[in-house]
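Encoded as C-alpha coordinates, the structure appears first; notes follow it.
Throughout, a chain's letter reflects where its sequence line sits, starting with A, and its residues are numbered from 1.
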There are 2 protein chains.
Amino acid sequence: MKEEILAAQIANQLRRNIVLGKLQPGASIKERDNAAELGVSRTPLREAIRILATEGLVELRPARSPIVAVPTIQMISDDVEVLLAVEKLSGELACARATDAEIAALAEIVADMDARFDTTDALDMFETDMGFHRAIAAASHNASLAEVHGTLLARLWRARYLAAIQKRNRARVVEHHTAIVSALQARDPALVRDAIQTHLATLRVDIVNTIEAERAVAQDSESAKSA
Amino acid sequence: MKEEILAAQIANQLRRNIVLGKLQPGASIKERDNAAELGVSRTPLREAIRILATEGLVELRPARSPIVAVPTIQMISDDVEVLLAVEKLSGELACARATDAEIAALAEIVADMDARFDTTDALDMFETDMGFHRAIAAASHNASLAEVHGTLLARLWRARYLAAIQKRNRARVVEHHTAIVSALQARDPALVRDAIQTHLATLRVDIVNTIEAERAVAQDSESAKSA
DNA sequence: CAACGATTTTCGGTATACCGATTTTGGTTA
DNA sequence: TAACCAAAATCGGTATACCGAAAATCGTTG
(Lines give C-alpha, C1' and ligand atoms only; values in the text may rest on other atoms or scores of the structure.)
Protein backbone atom coordinates (compact mmCIF):
# COMPACT_ATOMS: atom_id res chain seq x y z
CA MET A 1 0.00 0.00 0.00
CA LYS A 2 3.02 2.21 0.38
CA GLU A 3 3.91 1.72 -3.25
CA GLU A 4 1.84 4.68 -4.36
CA ILE A 5 2.97 8.25 -4.03
CA LEU A 6 1.36 10.21 -1.22
CA ALA A 7 -0.27 12.77 -3.50
CA ALA A 8 -1.99 9.97 -5.41
CA GLN A 9 -3.29 8.42 -2.20
CA ILE A 10 -4.63 11.79 -1.09
CA ALA A 11 -6.22 12.30 -4.48
CA ASN A 12 -7.93 8.92 -4.15
CA GLN A 13 -9.20 9.83 -0.71
CA LEU A 14 -10.52 13.21 -1.83
CA ARG A 15 -12.02 11.69 -4.94
CA ARG A 16 -13.98 9.23 -2.85
CA ASN A 17 -15.18 12.03 -0.63
CA ILE A 18 -16.29 14.11 -3.59
CA VAL A 19 -17.96 11.29 -5.47
CA LEU A 20 -19.81 10.09 -2.39
CA GLY A 21 -20.91 13.62 -1.60
CA LYS A 22 -18.97 13.95 1.64
CA LEU A 23 -17.45 17.01 0.04
CA GLN A 24 -20.36 18.89 -1.44
CA PRO A 25 -20.10 20.64 -4.80
CA GLY A 26 -19.06 24.21 -4.23
CA ALA A 27 -17.29 23.46 -0.96
CA SER A 28 -13.89 25.09 -0.73
CA ILE A 29 -10.83 22.92 -0.21
CA LYS A 30 -8.39 24.87 1.91
CA GLU A 31 -4.88 23.54 1.61
CA ARG A 32 -3.92 23.95 5.26
CA ASP A 33 -7.13 22.62 6.77
CA ASN A 34 -7.34 19.53 4.62
CA ALA A 35 -3.65 18.83 4.96
CA ALA A 36 -3.89 18.97 8.74
CA GLU A 37 -7.02 16.83 8.66
CA LEU A 38 -5.29 14.12 6.70
CA GLY A 39 -2.07 14.45 8.68
CA VAL A 40 0.09 15.43 5.72
CA SER A 41 1.78 18.62 4.61
CA ARG A 42 0.45 21.07 2.09
CA THR A 43 2.79 19.99 -0.70
CA PRO A 44 1.33 16.59 -1.55
CA LEU A 45 -2.19 17.79 -0.81
CA ARG A 46 -1.72 20.62 -3.26
CA GLU A 47 -0.49 18.13 -5.83
CA ALA A 48 -3.54 15.96 -5.21
CA ILE A 49 -5.80 18.93 -5.83
CA ARG A 50 -4.10 19.53 -9.17
CA ILE A 51 -4.70 15.90 -10.10
CA LEU A 52 -8.38 16.23 -9.32
CA ALA A 53 -8.50 19.50 -11.23
CA THR A 54 -7.32 17.80 -14.41
CA GLU A 55 -10.04 15.23 -13.85
CA GLY A 56 -12.55 18.03 -13.66
CA LEU A 57 -13.62 17.19 -10.12
CA VAL A 58 -12.10 20.33 -8.64
CA GLU A 59 -12.12 23.84 -9.95
CA LEU A 60 -9.01 26.01 -9.54
CA ARG A 61 -9.55 29.72 -9.08
CA PRO A 62 -6.67 32.20 -9.29
CA ALA A 63 -5.55 33.26 -5.82
CA ARG A 64 -8.60 31.65 -4.24
CA SER A 65 -9.39 28.38 -2.55
CA PRO A 66 -10.07 25.56 -4.98
CA ILE A 67 -13.66 24.37 -4.78
CA VAL A 68 -15.36 21.08 -5.50
CA ALA A 69 -16.57 21.46 -9.06
CA VAL A 70 -20.18 22.37 -9.64
CA PRO A 71 -20.69 21.07 -13.15
CA THR A 72 -23.46 22.69 -15.12
CA ILE A 73 -26.00 20.53 -16.87
CA GLN A 74 -24.40 21.69 -20.08
CA MET A 75 -20.97 20.41 -19.03
CA ILE A 76 -22.32 17.06 -17.91
CA SER A 77 -24.20 16.70 -21.15
CA ASP A 78 -21.04 17.59 -23.06
CA ASP A 79 -19.08 14.98 -21.14
CA VAL A 80 -21.62 12.29 -21.92
CA GLU A 81 -21.54 13.28 -25.56
CA VAL A 82 -17.79 12.75 -25.66
CA LEU A 83 -18.01 9.58 -23.59
CA LEU A 84 -20.49 8.23 -26.08
CA ALA A 85 -18.12 8.74 -28.98
CA VAL A 86 -15.18 7.36 -27.02
CA GLU A 87 -17.00 4.26 -25.93
CA LYS A 88 -18.42 3.61 -29.39
CA LEU A 89 -14.91 3.73 -30.78
CA SER A 90 -13.75 1.44 -27.97
CA GLY A 91 -16.42 -1.09 -28.83
CA GLU A 92 -15.66 -0.90 -32.49
CA LEU A 93 -11.95 -1.45 -31.96
CA ALA A 94 -12.63 -4.18 -29.44
CA CYS A 95 -14.46 -6.11 -32.13
CA ALA A 96 -11.23 -6.33 -34.06
CA ARG A 97 -8.70 -6.48 -31.25
CA ALA A 98 -10.19 -7.88 -28.07
CA THR A 99 -9.11 -11.34 -27.05
CA ASP A 100 -11.74 -14.00 -26.53
CA ALA A 101 -10.78 -13.97 -22.88
CA GLU A 102 -11.52 -10.27 -22.60
CA ILE A 103 -14.94 -10.68 -24.17
CA ALA A 104 -15.60 -13.66 -21.93
CA ALA A 105 -14.71 -11.53 -18.92
CA LEU A 106 -17.21 -8.92 -20.04
CA ALA A 107 -19.89 -11.58 -20.37
CA GLU A 108 -18.96 -12.74 -16.89
CA ILE A 109 -19.50 -9.26 -15.47
CA VAL A 110 -22.93 -9.04 -17.04
CA ALA A 111 -23.89 -12.49 -15.80
CA ASP A 112 -22.73 -11.47 -12.36
CA MET A 113 -24.80 -8.31 -12.39
CA ASP A 114 -27.81 -10.23 -13.59
CA ALA A 115 -27.44 -12.86 -10.88
CA ARG A 116 -27.12 -10.36 -8.07
CA PHE A 117 -29.81 -8.23 -9.63
CA ASP A 118 -31.89 -7.47 -6.56
CA THR A 119 -29.69 -8.74 -3.76
CA THR A 120 -26.74 -6.38 -4.04
CA ASP A 121 -26.66 -2.85 -2.74
CA ALA A 122 -26.51 0.09 -5.09
CA LEU A 123 -22.88 0.98 -4.53
CA ASP A 124 -21.62 -2.52 -5.33
CA MET A 125 -23.79 -2.70 -8.39
CA PHE A 126 -22.58 0.70 -9.49
CA GLU A 127 -18.92 -0.22 -9.16
CA THR A 128 -19.50 -3.38 -11.13
CA ASP A 129 -21.18 -1.28 -13.78
CA MET A 130 -18.23 1.08 -13.99
CA GLY A 131 -15.91 -1.90 -14.20
CA PHE A 132 -17.83 -3.14 -17.18
CA HIS A 133 -17.37 0.11 -19.07
CA ARG A 134 -13.73 0.29 -18.14
CA ALA A 135 -13.22 -3.22 -19.42
CA ILE A 136 -14.67 -2.24 -22.78
CA ALA A 137 -12.22 0.64 -23.02
CA ALA A 138 -9.36 -1.70 -22.11
CA ALA A 139 -10.48 -4.21 -24.71
CA SER A 140 -9.90 -1.61 -27.43
CA HIS A 141 -6.17 -2.13 -26.91
CA ASN A 142 -5.68 1.57 -27.40
CA ALA A 143 -4.00 3.08 -24.35
CA SER A 144 -4.76 6.64 -25.33
CA LEU A 145 -8.42 5.82 -25.74
CA ALA A 146 -8.57 4.03 -22.40
CA GLU A 147 -6.98 6.99 -20.69
CA VAL A 148 -9.41 9.53 -22.12
CA HIS A 149 -12.23 7.18 -21.24
CA GLY A 150 -11.00 6.95 -17.66
CA THR A 151 -10.88 10.72 -17.29
CA LEU A 152 -14.42 11.09 -18.54
CA LEU A 153 -15.62 8.35 -16.22
CA ALA A 154 -14.04 10.07 -13.24
CA ARG A 155 -15.63 13.36 -14.17
CA LEU A 156 -19.06 11.77 -14.50
CA TRP A 157 -18.64 9.41 -11.57
CA ARG A 158 -20.64 11.40 -9.06
CA ALA A 159 -23.46 12.18 -11.45
CA ARG A 160 -23.67 8.56 -12.56
CA TYR A 161 -23.56 7.43 -8.97
CA LEU A 162 -26.48 9.63 -8.05
CA ALA A 163 -28.40 8.36 -11.05
CA ALA A 164 -27.53 4.74 -10.36
CA ILE A 165 -28.50 4.54 -6.71
CA GLN A 166 -32.02 5.43 -7.65
CA LYS A 167 -31.87 2.08 -9.41
CA ARG A 168 -35.07 2.82 -11.20
CA ASN A 169 -34.04 0.91 -14.25
CA ARG A 170 -31.53 -1.69 -13.30
CA ALA A 171 -33.36 -4.04 -15.60
CA ARG A 172 -32.70 -1.82 -18.55
CA VAL A 173 -29.02 -1.52 -17.67
CA VAL A 174 -28.56 -5.28 -17.61
CA GLU A 175 -30.51 -5.57 -20.82
CA HIS A 176 -28.31 -3.00 -22.53
CA HIS A 177 -25.12 -4.58 -21.25
CA THR A 178 -26.28 -7.93 -22.54
CA ALA A 179 -26.86 -6.44 -25.96
CA ILE A 180 -23.39 -4.92 -25.97
CA VAL A 181 -21.74 -8.20 -25.03
CA SER A 182 -23.72 -10.09 -27.65
CA ALA A 183 -22.58 -7.67 -30.32
CA LEU A 184 -19.00 -8.00 -29.14
CA GLN A 185 -19.20 -11.78 -29.22
CA ALA A 186 -20.43 -11.50 -32.78
CA ARG A 187 -17.61 -9.01 -33.33
CA ASP A 188 -20.00 -6.83 -35.27
CA PRO A 189 -18.76 -3.22 -35.05
CA ALA A 190 -21.98 -1.57 -36.27
CA LEU A 191 -24.04 -3.57 -33.83
CA VAL A 192 -21.73 -2.68 -30.96
CA ARG A 193 -21.94 1.01 -31.78
CA ASP A 194 -25.71 0.84 -31.85
CA ALA A 195 -25.89 -1.01 -28.56
CA ILE A 196 -23.57 1.48 -26.86
CA GLN A 197 -25.42 4.40 -28.42
CA THR A 198 -28.68 3.09 -26.97
CA HIS A 199 -27.15 2.50 -23.57
CA LEU A 200 -25.50 5.86 -23.18
CA ALA A 201 -28.37 7.82 -24.65
CA THR A 202 -30.49 6.39 -21.86
CA LEU A 203 -27.76 7.20 -19.42
CA ARG A 204 -27.64 10.80 -20.51
CA VAL A 205 -31.33 11.25 -19.85
CA ASP A 206 -31.05 9.59 -16.45
CA ILE A 207 -28.09 11.69 -15.41
CA VAL A 208 -29.56 14.99 -16.54
CA ASN A 209 -32.82 14.24 -14.77
CA THR A 210 -31.03 13.29 -11.58
CA ILE A 211 -28.86 16.37 -11.57
CA GLU A 212 -31.75 18.66 -12.35
CA ALA A 213 -33.65 17.16 -9.44
CA GLU A 214 -30.65 17.65 -7.15
CA ARG A 215 -30.24 21.24 -8.25
CA ALA A 216 -33.91 21.89 -7.66
CA VAL A 217 -33.59 20.64 -4.10
CA ALA A 218 -30.50 22.75 -3.53
CA GLN A 219 -32.34 25.74 -4.89
CA ASP A 220 -35.21 25.14 -2.48
CA SER A 221 -33.09 24.92 0.62
CA GLU A 222 -31.27 28.03 -0.55
CA SER A 223 -34.42 30.11 -0.80
CA ALA A 224 -35.70 28.62 2.45
CA LYS A 225 -32.55 29.79 4.18
CA SER A 226 -32.96 33.36 2.97
CA ALA A 227 -36.57 33.45 4.13
CA MET B 1 2.13 38.41 -18.64
CA LYS B 2 2.20 38.11 -14.88
CA GLU B 3 -1.39 36.99 -14.87
CA GLU B 4 -0.47 33.36 -15.29
CA ILE B 5 0.76 31.19 -12.50
CA LEU B 6 4.50 30.50 -12.50
CA ALA B 7 4.12 26.76 -12.94
CA ALA B 8 2.03 27.31 -16.07
CA GLN B 9 4.66 29.65 -17.52
CA ILE B 10 7.36 27.10 -16.85
CA ALA B 11 5.23 24.40 -18.41
CA ASN B 12 4.84 26.54 -21.52
CA GLN B 13 8.58 27.09 -21.68
CA LEU B 14 9.38 23.41 -21.28
CA ARG B 15 6.67 22.45 -23.75
CA ARG B 16 8.23 24.67 -26.38
CA ASN B 17 11.62 23.18 -25.71
CA ILE B 18 10.28 19.66 -26.00
CA VAL B 19 8.20 20.26 -29.12
CA LEU B 20 11.05 22.05 -30.88
CA GLY B 21 13.45 19.29 -29.93
CA LYS B 22 15.65 21.42 -27.67
CA LEU B 23 14.89 18.80 -25.06
CA GLN B 24 15.39 15.49 -26.79
CA PRO B 25 13.11 12.53 -26.17
CA GLY B 26 14.56 10.43 -23.38
CA ALA B 27 16.42 13.34 -21.78
CA SER B 28 16.02 13.45 -18.02
CA ILE B 29 14.55 16.54 -16.41
CA LYS B 30 16.20 16.98 -13.04
CA GLU B 31 14.18 19.20 -10.75
CA ARG B 32 17.13 21.03 -9.21
CA ASP B 33 19.07 21.63 -12.40
CA ASN B 34 16.16 22.90 -14.44
CA ALA B 35 14.84 24.99 -11.57
CA ALA B 36 18.23 26.68 -11.19
CA GLU B 37 18.49 27.13 -14.93
CA LEU B 38 15.16 28.93 -15.10
CA GLY B 39 15.82 30.85 -11.91
CA VAL B 40 12.87 29.43 -9.99
CA SER B 41 12.50 27.02 -7.13
CA ARG B 42 11.73 23.35 -7.38
CA THR B 43 8.12 23.69 -6.31
CA PRO B 44 6.65 25.38 -9.39
CA LEU B 45 8.99 23.48 -11.67
CA ARG B 46 7.78 20.24 -10.21
CA GLU B 47 4.21 21.34 -10.78
CA ALA B 48 5.03 22.18 -14.38
CA ILE B 49 6.42 18.71 -14.91
CA ARG B 50 3.18 17.19 -13.63
CA ILE B 51 1.23 19.33 -16.10
CA LEU B 52 3.35 18.10 -18.96
CA ALA B 53 2.99 14.55 -17.70
CA THR B 54 -0.79 14.73 -17.97
CA GLU B 55 -0.30 15.97 -21.52
CA GLY B 56 1.84 12.95 -22.23
CA LEU B 57 4.93 14.98 -23.08
CA VAL B 58 6.82 13.86 -20.00
CA GLU B 59 7.03 10.45 -18.42
CA LEU B 60 7.06 10.13 -14.63
CA ARG B 61 9.06 7.26 -13.16
CA PRO B 62 8.74 6.30 -9.51
CA ALA B 63 11.68 7.64 -7.52
CA ARG B 64 13.55 8.55 -10.70
CA SER B 65 14.07 11.65 -12.79
CA PRO B 66 11.19 12.39 -15.12
CA ILE B 67 12.20 12.08 -18.75
CA VAL B 68 10.96 13.63 -21.96
CA ALA B 69 8.49 11.09 -23.29
CA VAL B 70 9.66 8.71 -25.98
CA PRO B 71 6.35 7.74 -27.52
CA THR B 72 6.28 4.43 -29.32
CA ILE B 73 4.89 4.23 -32.81
CA GLN B 74 2.02 2.33 -31.27
CA MET B 75 1.20 5.15 -28.87
CA ILE B 76 1.35 7.80 -31.57
CA SER B 77 -0.87 5.71 -33.76
CA ASP B 78 -3.29 5.26 -30.88
CA ASP B 79 -3.35 8.99 -30.29
CA VAL B 80 -4.13 9.71 -33.91
CA GLU B 81 -6.88 7.12 -33.82
CA VAL B 82 -8.53 8.91 -30.91
CA LEU B 83 -7.90 12.31 -32.43
CA LEU B 84 -9.65 11.14 -35.56
CA ALA B 85 -12.78 10.17 -33.64
CA VAL B 86 -12.69 13.37 -31.61
CA GLU B 87 -12.30 15.61 -34.59
CA LYS B 88 -14.98 13.81 -36.57
CA LEU B 89 -17.38 14.36 -33.71
CA SER B 90 -16.28 17.99 -33.52
CA GLY B 91 -17.02 18.48 -37.20
CA GLU B 92 -20.34 16.75 -36.94
CA LEU B 93 -21.42 18.87 -33.99
CA ALA B 94 -20.07 21.99 -35.63
CA CYS B 95 -22.46 21.41 -38.53
CA ALA B 96 -25.34 21.84 -36.13
CA ARG B 97 -23.93 24.35 -33.69
CA ALA B 98 -21.23 26.48 -35.25
CA THR B 99 -22.08 30.08 -35.96
CA ASP B 100 -21.72 31.38 -39.50
CA ALA B 101 -18.94 33.60 -38.21
CA GLU B 102 -17.00 30.60 -36.91
CA ILE B 103 -17.27 28.80 -40.22
CA ALA B 104 -16.26 31.97 -42.02
CA ALA B 105 -13.22 32.22 -39.78
CA LEU B 106 -12.27 28.67 -40.73
CA ALA B 107 -12.61 29.53 -44.40
CA GLU B 108 -10.43 32.54 -43.75
CA ILE B 109 -7.69 30.39 -42.26
CA VAL B 110 -7.69 28.10 -45.26
CA ALA B 111 -7.63 31.04 -47.67
CA ASP B 112 -4.73 32.45 -45.72
CA MET B 113 -2.80 29.18 -45.87
CA ASP B 114 -3.48 28.92 -49.57
CA ALA B 115 -2.30 32.49 -50.24
CA ARG B 116 0.93 32.10 -48.33
CA PHE B 117 1.38 28.66 -49.74
CA ASP B 118 5.04 28.84 -50.72
CA THR B 119 6.13 32.09 -49.11
CA THR B 120 5.72 31.24 -45.44
CA ASP B 121 8.17 29.22 -43.42
CA ALA B 122 7.26 25.81 -42.10
CA LEU B 123 6.77 26.79 -38.49
CA ASP B 124 4.29 29.57 -39.28
CA MET B 125 2.40 27.31 -41.62
CA PHE B 126 2.33 24.59 -39.01
CA GLU B 127 0.95 26.86 -36.33
CA THR B 128 -1.74 28.08 -38.68
CA ASP B 129 -2.58 24.45 -39.38
CA MET B 130 -2.91 23.68 -35.70
CA GLY B 131 -5.06 26.76 -35.27
CA PHE B 132 -7.40 25.43 -37.93
CA HIS B 133 -7.92 22.15 -36.12
CA ARG B 134 -8.36 23.89 -32.81
CA ALA B 135 -11.00 26.14 -34.35
CA ILE B 136 -12.96 23.10 -35.50
CA ALA B 137 -12.94 21.72 -31.99
CA ALA B 138 -14.06 25.08 -30.63
CA ALA B 139 -16.85 25.26 -33.20
CA SER B 140 -18.37 22.10 -31.73
CA HIS B 141 -19.46 24.20 -28.76
CA ASN B 142 -18.64 21.27 -26.52
CA ALA B 143 -16.08 22.32 -23.92
CA SER B 144 -15.26 18.77 -22.90
CA LEU B 145 -14.60 17.79 -26.46
CA ALA B 146 -12.40 20.81 -27.09
CA GLU B 147 -10.38 20.02 -23.99
CA VAL B 148 -9.76 16.40 -24.95
CA HIS B 149 -8.88 17.57 -28.43
CA GLY B 150 -6.38 20.05 -27.02
CA THR B 151 -4.66 17.38 -24.96
CA LEU B 152 -4.31 15.10 -27.96
CA LEU B 153 -2.94 17.94 -30.07
CA ALA B 154 -0.32 18.73 -27.45
CA ARG B 155 0.69 15.10 -27.26
CA LEU B 156 1.06 14.87 -31.03
CA TRP B 157 2.51 18.33 -31.46
CA ARG B 158 6.12 17.31 -31.85
CA ALA B 159 5.41 14.41 -34.17
CA ARG B 160 3.15 16.57 -36.33
CA TYR B 161 5.71 19.31 -36.33
CA LEU B 162 8.40 16.97 -37.60
CA ALA B 163 6.05 15.68 -40.25
CA ALA B 164 4.92 19.16 -41.27
CA ILE B 165 8.31 20.79 -41.74
CA GLN B 166 9.12 18.28 -44.40
CA LYS B 167 6.29 20.04 -46.24
CA ARG B 168 6.18 17.31 -48.78
CA ASN B 169 2.46 17.62 -49.27
CA ARG B 170 1.39 21.07 -48.32
CA ALA B 171 -0.83 21.02 -51.37
CA ARG B 172 -2.73 18.05 -50.09
CA VAL B 173 -3.19 19.66 -46.68
CA VAL B 174 -4.73 22.77 -48.19
CA GLU B 175 -6.87 20.61 -50.41
CA HIS B 176 -8.13 18.59 -47.45
CA HIS B 177 -8.79 21.68 -45.39
CA THR B 178 -10.76 23.17 -48.24
CA ALA B 179 -12.89 20.05 -48.42
CA ILE B 180 -13.57 20.21 -44.70
CA VAL B 181 -14.61 23.85 -44.85
CA SER B 182 -16.86 23.21 -47.82
CA ALA B 183 -18.59 20.42 -45.98
CA LEU B 184 -19.01 22.66 -42.94
CA GLN B 185 -20.45 25.44 -45.06
CA ALA B 186 -22.93 22.94 -46.44
CA ARG B 187 -23.48 21.85 -42.83
CA ASP B 188 -23.44 18.25 -44.01
CA PRO B 189 -22.29 16.04 -41.10
CA ALA B 190 -21.55 12.93 -43.15
CA LEU B 191 -19.49 14.93 -45.61
CA VAL B 192 -17.54 16.59 -42.83
CA ARG B 193 -16.76 13.25 -41.23
CA ASP B 194 -15.53 11.89 -44.53
CA ALA B 195 -13.35 14.92 -45.18
CA ILE B 196 -11.79 14.76 -41.74
CA GLN B 197 -11.33 11.00 -42.02
CA THR B 198 -9.44 11.50 -45.26
CA HIS B 199 -7.32 14.28 -43.84
CA LEU B 200 -6.29 12.53 -40.67
CA ALA B 201 -5.75 9.16 -42.30
CA THR B 202 -3.15 10.87 -44.45
CA LEU B 203 -1.75 12.55 -41.40
CA ARG B 204 -1.34 9.26 -39.62
CA VAL B 205 0.72 7.84 -42.45
CA ASP B 206 2.88 10.98 -42.60
CA ILE B 207 3.49 11.01 -38.89
CA VAL B 208 4.34 7.33 -38.62
CA ASN B 209 6.73 7.58 -41.54
CA THR B 210 8.45 10.61 -40.09
CA ILE B 211 8.86 9.07 -36.68
CA GLU B 212 10.11 5.81 -38.08
CA ALA B 213 12.70 7.74 -40.07
CA GLU B 214 13.74 9.66 -36.97
CA ARG B 215 14.04 6.48 -34.97
CA ALA B 216 16.14 4.89 -37.69
CA VAL B 217 18.56 7.82 -37.56
CA ALA B 218 18.73 7.65 -33.80
CA GLN B 219 19.40 3.94 -34.07
CA ASP B 220 22.25 4.57 -36.50
CA SER B 221 24.02 7.14 -34.37
CA GLU B 222 23.56 4.83 -31.41
CA SER B 223 25.31 1.92 -33.08
CA ALA B 224 27.97 4.26 -34.46
CA LYS B 225 28.73 5.45 -30.96
CA SER B 226 29.27 1.93 -29.68
CA ALA B 227 31.67 1.13 -32.55
C1' DC C 1 41.52 -7.39 -15.10
C1' DA C 2 36.86 -8.01 -14.07
C1' DA C 3 33.28 -8.55 -10.84
C1' DC C 4 31.61 -7.12 -6.60
C1' DG C 5 30.43 -4.33 -2.56
C1' DA C 6 30.55 -0.38 0.57
C1' DT C 7 30.60 4.64 0.61
C1' DT C 8 29.29 8.87 -1.16
C1' DT C 9 26.45 11.53 -4.12
C1' DT C 10 22.34 12.63 -6.35
C1' DC C 11 17.61 13.09 -6.67
C1' DG C 12 12.66 12.86 -5.90
C1' DG C 13 9.28 13.15 -2.13
C1' DT C 14 7.79 15.60 1.81
C1' DA C 15 7.71 19.11 5.33
C1' DT C 16 8.21 23.76 6.71
C1' DA C 17 8.90 28.76 6.26
C1' DC C 18 7.99 33.10 4.05
C1' DC C 19 5.48 36.47 1.17
C1' DG C 20 1.95 39.03 -1.01
C1' DA C 21 -2.78 39.27 -2.20
C1' DT C 22 -7.50 38.72 -0.66
C1' DT C 23 -10.95 38.34 2.58
C1' DT C 24 -12.82 39.05 6.89
C1' DT C 25 -13.41 41.78 11.09
C1' DG C 26 -14.42 45.15 14.21
C1' DG C 27 -14.67 49.65 15.19
C1' DT C 28 -15.89 54.28 13.62
C1' DT C 29 -18.71 57.63 11.60
C1' DA C 30 -22.58 59.77 9.16
C1' DT D 1 -28.56 51.38 12.00
C1' DA D 2 -26.02 51.08 7.97
C1' DA D 3 -22.11 52.17 5.18
C1' DC D 4 -17.31 52.33 5.23
C1' DC D 5 -12.50 51.80 6.14
C1' DA D 6 -8.40 50.06 8.31
C1' DA D 7 -6.16 46.38 11.01
C1' DA D 8 -5.75 41.54 11.35
C1' DA D 9 -6.40 36.85 9.99
C1' DT D 10 -6.49 33.74 6.03
C1' DC D 11 -4.88 31.45 2.16
C1' DG D 12 -2.57 30.33 -2.18
C1' DG D 13 2.00 30.76 -4.39
C1' DT D 14 6.82 30.26 -3.90
C1' DA D 15 11.20 29.24 -1.73
C1' DT D 16 13.96 26.47 1.19
C1' DA D 17 15.18 22.59 4.25
C1' DC D 18 15.25 17.79 5.30
C1' DC D 19 14.96 12.77 4.53
C1' DG D 20 15.26 8.25 2.59
C1' DA D 21 15.99 5.68 -1.46
C1' DA D 22 18.25 4.90 -5.69
C1' DA D 23 22.52 5.38 -8.36
C1' DA D 24 27.11 6.41 -9.33
C1' DT D 25 31.80 6.14 -7.73
C1' DC D 26 35.66 3.95 -6.26
C1' DG D 27 38.33 0.84 -3.73
C1' DT D 28 38.66 -4.10 -2.79
C1' DT D 29 39.00 -8.83 -3.85
C1' DG D 30 39.06 -13.21 -6.39
- Would you mind reading off the distance between A/Lys30 atom NZ and D/dG13 atom C1', rounded to a whole angstrom? 16 Å
- Query: Within the structure, does a side-chain N or O atom of B/Ser65 lie under 4.0 Å from either OP1 or OP2 of C/dG12?
  - Reply: yes
- Task: Report the distance from atom CG of B/Asn34 to atom P of C/dT10, rounded to the nearest whole Å.
- Result: 16 Å
- Task: Pick base, sugar-phosphate or nothing for B/Pro62, based on heavy-atom distances below 4.0 Å to the nucleic acid.
- Result: nothing
- Check whether any side-chain heavy atom of A/Leu57 sits under 4.5 Å from a side-chain heavy atom of A/Trp157, and report yes or no. no
- Query: Below 4.0 angstrom from OP1 or OP2 of D/dA22, is there any side-chain N or O of B/Arg64?
  - Reply: no
- Task: State whether B/Ser41 places a side-chain N or O below 4.0 Å from either non-bridging phosphate oxygen (OP1 or OP2) of D/dA15.
- Result: yes
- Could you give me the CA-CA distance, side-chain angles and deciding distance for B/Thr54 and B/Arg50, then say whether side chain to side chain contact (heavy atoms under 4.5 Å, CB included) is met? CA-CA 6 Å; B/Thr54 69; B/Arg50 304 302 156 132; 5.6 Å; no
- Task: Could you check whether A/Leu45 gets within reach of a base, just the sugar-phosphate, or nothing at all, counting any heavy atom under 4.0 Å?
- Result: nothing
- Message: With a 4.0 Å limit, can you tell me whether B/Arg42 has a side-chain N or O closer than that to the phosphate oxygens OP1/OP2 of D/dG13?
- Response: no
- In whole angstrom, what separates A/Ile10's CD1 from C/dG13's C1'? 11 Å
- Message: I'd like to know if the side chain of B/His177 pairs up with that of B/Asp129 as donor and acceptor (distance under 3.5 Å, no hydrogens or angles considered).
- Response: yes
- Query: When only distance counts, do a donor and an acceptor, one from the side chain of B/Arg32 and one from the base of C/dG12, lie under 3.5 Å apart?
  - Reply: yes
- Query: Do any N or O atoms from the side chain of B/Gln197 and from the backbone of B/Leu84 form a donor-acceptor pair under 3.5 angstrom?
  - Reply: no
- Item | 5′-ward residue of the pair B/Glu31/A/Pro44 relative to DNA chain C | B/Glu31
- Atom CG of B/Leu6 to atom P of D/dT14: distance rounded to whole Å? 5 Å
- May I ask you to evaluate whether A/Arg61 reaches the phosphate of D/dG13, defined as a side-chain N or O under 4.0 Å from OP1 or OP2? no
- Query: How long is the line joining CD of B/Glu47 and P of D/dA15, in whole Å?
  - Reply: 11 Å
- What integer distance in Å separates A/Leu60:CG from D/dC11:C1'? 14 Å
- Task: Whole angstrom is fine here: how far is it from CD1 in A/Ile5 over to P in C/dC11?
- Result: 17 Å
- Check the distance between C/dG12's P and B/Asp33's CG and give it to me in whole angstrom. 8 Å
- Item | Minimum side-chain heavy-atom gap B/Arg155-B/Met75 below 4.5 Å | no
